2 protein chains.
Amino acid sequence: MELTTAEENYLKAIYHLSEEGKKSVSTNDIAAAIQTKPASVSDMLRKLGEKEVIQYRKYYGLQITELGKRLALQTIRKHRLWEVFLVDKLHFSWDEVHEVAEQLEHIQSTLLIERLDAYLNYPKFDPHGDPIPDEYGDVRSRPRIALNEMNIDQGGQIVAVKDSSAAFLRYLDKVGAYIGARIKVLDKVEFDGSVEILVDQKKTLFMSKDVASNILVLQS
Amino acid sequence: MELTTAEENYLKAIYHLSEEGKKSVSTNDIAAAIQTKPASVSDMLRKLGEKEVIQYRKYYGLQITELGKRLALQTIRKHRLWEVFLVDKLHFSWDEVHEVAEQLEHIQSTLLIERLDAYLNYPKFDPHGDPIPDEYGDVRSRPRIALNEMNIDQGGQIVAVKDSSAAFLRYLDKVGAYIGARIKVLDKVEFDGSVEILVDQKKTLFMSKDVASNILVLQS
DNA sequence: TTTTTTTTTTAGATAACTCTAATTTTATTT
DNA sequence: AAATAAAATTAGAGTTATCTAAAAAAAAAA
Ligand SMILES: [Mn+2]
Ligand SMILES: [Mn+2]
Ligand SMILES: [Mn+2]
Ligand SMILES: [Mn+2]
């Protein structure tokens, strides 16, 4: 069963939205996620339903099937492996990789992805800290907490970002926050939820709640 | 001016056929080259004419324009760089790369191809000995002669193959002919054009005229 | 429980690419 | 030069993916 590039993009979006815990994935959500119109989404949902990668009853909602999950995870695996390649080997910065990976993820060749994985030394996480599924779709995810939900004096290590937009990533670069950084919460402002943290035991950083909520920490 | 994947494939085929020296490129030739029907070719020629990458007058013939050449060479450059990547870094064999490169050549990102070129150390030839155009489309080609046209006692180095089909390449692997091999013509059979050569001063090899005509040699 | 709003789907078009079958043009024979 | 064959193009249809506008269904508000 092979999917077209468009189908892969839709299915990936559906998978991501499904994982976000929301009760159900709406047509409008999907349209927003892949920058298309709800009418186009309705049409594609029908097709994805026929291919049995989702279970779809119109007006009612949809549910991704096991088959759908497996296929989505394969695309996600490819996307993230390519991101690692671009950063580790071609020296892209982590805010430059997304667009290109969005294209590369659709290249069809199991041999290619096997070899790429080996070449990169079987990485477990992509440049944004997201876990790379193995060839069977198994994901080894780490327990993570949003930085704004940590308490004062708690410490940990930045392991991922929720928002992978270029703007956000460049902001993090600028202030010196990066994946792997060891941090400690120095202060939290009740009023607006902003936090003050200590990075690598030497630099203090203020950040808004909005920023902090997009940084994921492995607590220690 | 950007081309679709299909347009890039057509234009590349047209460029290759134009380079083969034949007086003009026929609709049927193109159809055969990219495994499609003449009717589809006619339609695409009209579109490529409108985009001014070829000059096209129906029933008369076509000529690739300077713009068309430049764009075709860009695609060829990408194709061959990816082939080098697959062989040098991912350890594909030279008969496994074509299909995948056929997909990868359409990835759109100038940064990607610049970085890939640098990463591969600015290779000048692909795994089949074909020259890699630089970013301006300049090709540094070597003077080459088909092995079956060499005379007895002449020597040289295999630098390329004309036929890049998996079957032919695997045959060359089997008999021990490879790009870079130093050869010398020991004997030629008038009757059927077959040749006997000495490879790397140790191994003698018989090959039919058909095989020899697909091996290109830099004479020494 | 109506009414209104929002969400979702359908209808109808368009664009890109492909095909088969029919037609037109050009080339080759007789 | 006329007949025939070959090559190329057009006509018409199908697929995939997208859109706008209209209709239908569900959810929210009055
Ligand atoms: Mn994509
Ligand atoms: Mn990522
Ligand atoms: Mn191609
Ligand atoms: Mn090649």
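In what follows, every chain begins at residue 1, and chains take the letters A, B, ... in the order their sequences are listed. These numbers were taken from a predicted model, which means no experiment stands behind them.
- A straight line from CD1 of B:Ile54 to P of D:dA8 spans 13 Å, rounded to a whole angstrom.
- To the nearest angstrom, C1' of C:dA16 lies 16 Å from CG of B:Leu45.
- Base pairing in DNA chain D yields stems of at least 3 consecutive Watson-Crick or G-U pairs, both distances under 3.5 Å, namely C:1-30 with D:1-30.
- The separation between A:Leu11 atom CG and D:dT16 atom C1' is 17 Å, rounded to whole Å.
- Contact annotation: A:Asn28 reaches the phosphate of C:dT8 (side-chain N/O to OP1 or OP2, under 4.0 Å).
- Between the B:Ser18 side chain and the B:Ile14 main chain, a donor and an acceptor come within less than 3.5 Å of each other.
- A:Arg142 forms a cation-pi arrangement with A:Phe125, by the criterion of a distance under 6.0 Å to the ring centre and an angle within 45° of the ring axis.
- When the shell of 6.0 Å around CG of A:Asp173 is examined, it contains more than 12 heavy atoms from other residues, nucleotides or ligands.
- Side-chain N/O atoms of B:Tyr60 include none lying less than 4.0 angstrom from OP1 or OP2 on D:dT9.
- Listed pair A:Tyr59 / D:dA23 fails the phosphate criterion, with no side-chain N or O lying under 4.0 Å from OP1 or OP2.
- For the pair A:Lys47 and D:dA17, the criterion of a side-chain N or O lying under 4.0 Å from OP1 or OP2 is met.
- OP1 and OP2 of C:dT7 both lie 4.0 Å or more from every side-chain N or O belonging to A:Ser26.
- Taking the six-membered ring for Trp and the full ring otherwise, A:His128 and A:His98 have centroids separated by 6.0 Å or more.
- Considering only side-chain N and O atoms, B:Ser42 lies nowhere under 4.0 angstrom from the phosphate OP1 or OP2 of D:dT10.
- The ring-ring contact (aromatic ring centres under 6.0 Å, His included) search around B:Phe85 returns A:Phe85, B:Trp82, not counting sequence neighbours.
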Exercise. A:Lys12 and A:Glu102: salt bridge (Lys or Arg N to Asp or Glu O under 4.0 Å), yes or no, with the steps?
Worked result: CA-CA 11 Å; A:Lys12 195 157 61 91; A:Glu102 202 57 47; 3.1 Å; yes
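- One interatomic measurement links the two molecules: CE of A:Met44 to C1' of C:dT10, which rounds to 17 Å at whole-angstrom precision.
- Two residues, A:Ala39 and B:Ser40, neighbour DNA chain D, and the one matched to the more 5' nucleotide by heavy-atom proximity is B:Ser40.
- Note that A:Arg115 lies outside the cation-pi zone of A:Tyr119, set by a 6.0 Å cut-off to the ring centre and a 45° limit from the axis.
- What separates NZ of A:Lys37 from P of C:dT10 is a distance of 19 Å, to the nearest Å.
- Side-chain proximity of A:Thr4 to D:dA17, C:dT9, D:dT18: nearest is D:dA17.
- What separates CD of B:Glu8 from P of C:dC17 is a distance of 11 Å, to the nearest Å.
- Not one side-chain nitrogen or oxygen of B:Thr36 sits closer than 4.0 Å to the OP1 or OP2 atom of C:dC17.
- Considering every non-hydrogen atom in both B:Pro131 and B:Arg144, the closest pair reads CD-NH1, 4.4 Å.
- Atom NZ in B:Lys51 sits roughly 13 Å away from atom P in C:dA15 (whole-Å rounding).
- Distance, A:Arg46 CZ to D:dT15 C1': 12 Å, rounded to whole Å.
- Dashed line: the shortest gap from a side-chain N or O of A:Lys58 to OP1 or OP2 of C:dT10 is under 4.0 Å.
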